[in-house]
Amino acid sequence: GENCMSQLTRIAKVLRRNNTGSGITPRQVAKMANVPLANVYKRVSDLRLLEGRRIYSNHRTVNGQRKMFYRFAANS
């Protein structure tokens, strides 16, 4: 596979770009960053740990399904 850093960079970019409203679901991040879904969860915890990013995970119910959304803290 490719290295973590380029995945991290792409995911961070996608998160930064989709920082309005409720945020973006892990599945959308996976699609836009072109990273496997399982890796999205790993990389987001990397971003939190390595870069001290404040990334919120919000849960909302959409069409009767509980979904998780990621969002960068406003000032990151």
Within the structure provided, determine whether Lys67 and Arg60 are in side-chain contact (heavy-atom separation under 4.5 Å).
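Side-chain contact under 4.5 Å: no.
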
Find out whether Met32 and Ile24 are in side-chain contact, i.e. whether some heavy atom of one side chain is under 4.5 Å from a heavy atom of the other.
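In contact.
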
Criterion side chain to side chain contact (heavy atoms under 4.5 Å, CB included) on Asn58 and Arg71, from CA distance to verdict:
CA-CA 8 Å; Asn58 304 316; Arg71 211 164 57 78; 4.0 Å; yes

Look up atom [atom1] in [X] and atom [atom2] in [Y], then write down how far apart they are to the nearest 0.5 Å.
X: Asn39; Y: Cys4; atom1: CG; atom2: SG; value: 7.5 Å
X: Tyr56; Y: Asn19; atom1: OH; atom2: CG; value: 10.0 Å
X: Leu8; Y: Leu47; atom1: CG; atom2: CG; value: 5.0 Å

Determine whether a donor-acceptor pair (N or O, by modelled atom type, separation under 3.5 Å) exists between the side chain of Thr25 and the backbone of Gln28.
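Side chain of Thr25 to backbone of Gln28, a donor-acceptor pair under 3.5 Å: yes, one is there.
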
Taking every non-hydrogen atom, the tightest pair across [X] and [Y]:
X: Pro36; Y: Gln7; answer: CD-NE2, 4.2 Å
X: Val29; Y: Val14; answer: CA-CG1, 4.2 Å
X: Tyr70; Y: Pro26; answer: CE1-CG, 3.6 Å

Which Ile, Leu, Val, Met, Phe, Trp or Tyr residues join Val62 in one cluster when any pair of side-chain heavy atoms under 4.5 Å counts as a link?
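Hydrophobic cluster check, Val62: joined to Phe69.
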
Residue pairs fulfilling salt bridge (Lys or Arg N to Asp or Glu O under 4.0 Å) with at least one residue in residues 26-47, sequence neighbours excluded
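Found Arg43-Asp46.
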
Check step by step if side chain to side chain contact (heavy atoms under 4.5 Å, CB included) holds for Phe72 and Arg16.
CA-CA 7 Å; Phe72 263 149; Arg16 202 168 291 124; 4.1 Å; yes

